[in-house]
Amino acid sequence: MIEGKFSNKGELFFEIDFVAADGLIITVDALLDTGFTDWLAINTQDAVSLGWQLVDSEETRLTARGEAQFNIYAGTVRLDGQQYYSVKGNSRLG
């Protein structure tokens with residue numbers, strides 16, 4: 001079972017593990033964003049430092065603030081002990 005915590009603003013955070021291309025595991029707090037499905041938002045510099053592969057650049061995605069351009073990276077995350085491969089990670093441009 002996944003455990004999380006609420007911030008003082010009512011946001012739900014829980015731990016996930018980023019798995020770098022070299023196998024290094026980095027645990028981070030992730031924010032559950034119910035309006036941003038099927039994707040993991042991550043800073044470009046983090047995706048690059050993890051050695052994740054750039055799959056597509058400048059893909060347009062709809063956000064709460066309208067359309068935005070994202071780079072798409074393939075990487076691996078671990079959630080509640082289960083590893084997920086080829087997860088698409090978004091990094092917003094600009």
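Excluded from the calculations below are hydrogen atoms, water molecules and symmetry mates; all remaining heavy atoms, backbone and side chain alike, are included. Not measured: the values here are computed from a predicted model.
By the 4.5 Å heavy-atom criterion applied to side chains, E15 and V28 are not counted as neighbours. Counting heavy atoms from C-beta outward, F14 and L79 have side chains that approach closer than 4.5 Å.
The salt bridge (Lys or Arg N to Asp or Glu O under 4.0 Å) check on K9 picks up nothing, with sequence neighbours excluded. Residues forming a side-chain hydrogen bond (donor to acceptor under 3.5 Å, both in side chains) with E11 (at least two apart in sequence, or on another chain): S7. In this view, Q83 and Y85 satisfy the side-chain hydrogen bond (donor to acceptor under 3.5 Å, both in side chains) rule, not counting sequence neighbours. Judged as a salt bridge (Lys or Arg N to Asp or Glu O under 4.0 Å), and not counting sequence neighbours, D56 has no contacts.
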Side-chain donor-acceptor distances from residues 17-26 under 3.5 Å, at least two apart:
unit_1: D17; atom_1: OD1; unit_2: T27; atom_2: OG1; d: 2.6
unit_1: D17; atom_1: OD2; unit_2: R78; atom_2: NE; d: 3.0
unit_1: D17; atom_1: OD2; unit_2: R78; atom_2: NH2; d: 3.0
unit_1: D22; atom_1: OD1; unit_2: L24; atom_2: N; d: 3.0

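For the atom pair CD1 (I42) and CH2 (W52), the distance works out to 4.5 Å, reported to the nearest 0.5 Å. Remark: Q53 CD to I72 CD1 distance equals 13.0 Å, nearest 0.5 Å.
In the hydrophobic clustering of this structure, V48 groups with V77; members are Ile, Leu, Val, Met, Phe, Trp, Tyr whose side-chain heavy atoms approach within less than 4.5 Å, directly or through other members. Tracing side-chain contacts under 4.5 Å through hydrophobic residues (I, L, V, M, F, W, Y), one reaches Y84 starting from I16; they form part of the same cluster.
Here the shortest heavy-atom pairing between L54 and N71 reads CD1-CB, 3.8 Å.
A salt bridge (Lys or Arg N to Asp or Glu O under 4.0 Å) check over residues 44-55, counting only residues at least two apart or in different chains, returns nothing.
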